[in-house]
Amino acid sequence: MQQKRNIQIIEWEDLDKRKFYSFGVFMTMAIRVTVYPAMLIRTRLQVQKGKSLYTGTYDAFRKILRAEGLRGLYRGFMVNTFTLISGQAYITTYELVRKYVSNYSKDNTLKSLVAGGSASLVAQSITVPIDVISQQLMMQGQGEHLTRFKVKPTTSGAISFGQTRGIIAQIFAADGIYGFYRGYVASLLTYIPNSAVWWPFYHFYAEQLSKMAPSDCPHLVLQAMAGPLAAATASTVTNPMDVVRARVQVEGRTSVIETFNQLMREEGLWGMTKGLSARIISSTPTAIVMVVGYETLKKLSLRPELVDSRHW
């Protein structure tokens, strides 16, 4: 019987960096376009009180589409595209930290854990101001009564650059520069654990699937299955803090602990699961696209002299 090979991991030193960054921008944009509606729905579900606006993910999708059209599902999208910068910073940090940790340990779980957490720390420092603005735009339309800031509607119902400038001006006038980093601690408490959990579970699930799958099964198929499993695991673990983060950023709160305590008093443990299904729904295609795209990206970016030595 043919012995099954372990999933091969392409490390930072194996890559042609010019190809890696060029292809990476297109991959990140494809992910954003795919999952943005679910991100918007998740934000509205997390910020609403109880079920005052929507009863669930499907109900929110149906109501937004009917009342605001397809554009309503992409409110704030243009602003959110600036997270392309943080996406590249995330990938670079992850790969560089993996390389650094490998000097001290060959344990793949440890490398993934440390690298994933470090990458999220760097990325969130760039992402939070973008998220604060885009989330305010997400809440316009049916959810505008849930946020402090309002934009003037246009005849087309779309979000214009003028409206974006208006939101930025309102945030700055109300809170100064600090307003653009509202919820920064909550974001770190959400996304650092999420990233730190996702990568080890991704490699774990991929390895377990490789042991069960036929020996001739392509590794990319196994990785594409492992990605959503890891995403669902990480989303479930970190969703309570993600709810708190959304409340802090959209409602203008200052205390993570106070927001958590109030949510528990008003809605109990159920409140901590708000938006979880939307988060898993958004993370599943994200994980598939990211894993297939990222692993393909690394294969396409492999240094020419290493291509023939790798088997997939």
Side-chain angles (χ1 to χ4, degrees), residues 4-36 38-39 80-81 83-99 102 108-109 111-112 115-116 118-120 122-123 194-195 197-235 280-312:
K4 292 182 175 63
R5 299 187 300 269
N6 290 331
I7 298 289
Q8 292 181 297
I9 300 174
I10 299 175
E11 300 291 0
W12 181 248
E13 59 270 18
D14 301 330
L15 301 174
D16 179 328
K17 309 305 186 295
R18 185 175 59 181
K19 290 182 180 179
F20 182 73
Y21 285 115
S22 298
F23 293 140
V25 170
F26 293 103
M27 182 199 76
T28 305
M29 180 57 76
I31 293 173
R32 291 290 172 186
V33 172
T34 303
V35 306
Y36 191 81
M39 292 170 57
N80 194 262
T81 58
T83 54
L84 286 171
I85 300 170
S86 63
Q88 297 305 303
Y90 180 95
I91 291 172
T92 302
T93 304
Y94 177 79
E95 294 293 348
L96 287 176
V97 172
R98 270 188 67 91
K99 180 181 178 182
S102 67
N108 188 56
T109 300
K111 289 193 289 185
S112 299
S118 301
S120 192
V122 172
N194 187 83
S195 183
V197 168
W198 192 93
W199 286 102
F201 270 103
Y202 165 60
H203 292 301
F204 170 77
Y205 287 133
E207 287 297 334
Q208 297 306 308
L209 288 169
S210 72
K211 295 175 182 178
M212 296 184 289
S215 58
D216 59 349
C217 181
H219 286 178
L220 191 60
V221 173
L222 302 178
Q223 291 165 328
M225 295 170 63
L229 292 173
T233 303
S235 295
I280 292 176
I281 289 170
S282 68
S283 68
T284 297
T286 301
I288 294 173
V289 173
M290 189 184 83
V291 167
V292 173
Y294 188 59
E295 296 296 347
T296 301
L297 166 66
K298 291 205 292 184
K299 291 169 189 175
L300 292 174
S301 305
L302 199 62
R303 285 164 37 207
E305 64 272 20
L306 297 176
V307 173
D308 293 335
S309 66
R310 300 302 175 97
H311 303 284
W312 313 107

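Please read these numbers as outputs of a predicted model, since none were measured by experiment. Throughout, numbering of the chain's residues begins at 1 and tracks the sequence.
Summarising the geometry of P228 relative to A287, their closest heavy-atom pair is N-CB, 3.6 Å, with the distance given to 0.1 Å. Scanning all heavy atoms of the two residues, the minimum distance from V97 to A115 falls at CG1-CA, 3.5 Å. Here the shortest heavy-atom pairing between W198 and G227 reads NE1-O, 3.6 Å. When all heavy atoms of L297 and K19 are compared, the closest pair comes out as CD1-O, 4.2 Å. Nearest heavy atoms, L209 versus A226: CD1-N, 3.9 Å.
Separation of atoms CE (M212) and CG (L222) is listed at 9.0 Å; rounding is to 0.5 Å. The line from CG of L15 to CG of L302 is 7.0 Å long, rounded to the nearest 0.5 Å. Rounded to the nearest 0.5 Å, atoms CZ (F20) and CZ (R303) are 14.5 Å apart. With values rounded to the nearest 0.5 angstrom, H203 atom NE2 is found 13.5 Å from Q208 atom CD. For the atom pair R32 CZ and M39 CE, the distance stands at 5.0 Å (nearest 0.5 Å).
Under the side chain to side chain donor-acceptor pair (under 3.5 Å) criterion, S118 pairs with no residue at all, not counting sequence neighbours. Under the side-chain contact (heavy atoms from CB on, under 4.5 Å) criterion, T34 pairs with P285, not counting sequence neighbours. With sequence neighbours left out, S120 forms a side-chain contact (heavy atoms from CB on, under 4.5 Å) with Y90, Q124, Y191, I192, S195. Remark: Y94 pairs with W199 by the ring-ring contact (aromatic ring centres under 6.0 Å, His included) rule, at least two apart or across chains. Listed by chain and residue number, V122, I126 satisfy the side-chain contact (heavy atoms from CB on, under 4.5 Å) test with A89 (two or more places apart in sequence, or in another chain). T92 pairs by the side chain to side chain donor-acceptor pair (under 3.5 Å) definition with Y21, not counting sequence neighbours. The side chain to side chain donor-acceptor pair (under 3.5 Å) check on S86 picks up T127, with sequence neighbours excluded. Take T233 and apply the side chain to side chain donor-acceptor pair (under 3.5 Å) test, not counting sequence neighbours, and it matches Y205. With sequence neighbours left out, the salt bridge (Lys or Arg N to Asp or Glu O under 4.0 Å) criterion links R98 to E11. Residues forming a ring-ring contact (aromatic ring centres under 6.0 Å, His included) with F23 (at least two apart in sequence, or on another chain): none. With sequence neighbours left out, V292 forms a side-chain contact (heavy atoms from CB on, under 4.5 Å) with L220, A224, I288, T296.
Inter-residue side-chain proximity for V33 and M29 is flagged as met; some heavy-atom pair is nearer than 4.5 Å.
Residue pairs meeting the salt bridge (charged side-chain N to carboxylate O under 4.0 Å, His left out) criterion with at least one member in residues 84-97, sequence neighbours excluded: E95-K298.
Under a 3.5 Å cut-off, the side chain of S235 and the backbone N or O of A232 do not form any donor-acceptor pair.
Classified by interplanar angle (parallel below 30°, tilted 30° to 60°, perpendicular above 60°), the ring pair F204/F201 is perpendicular.
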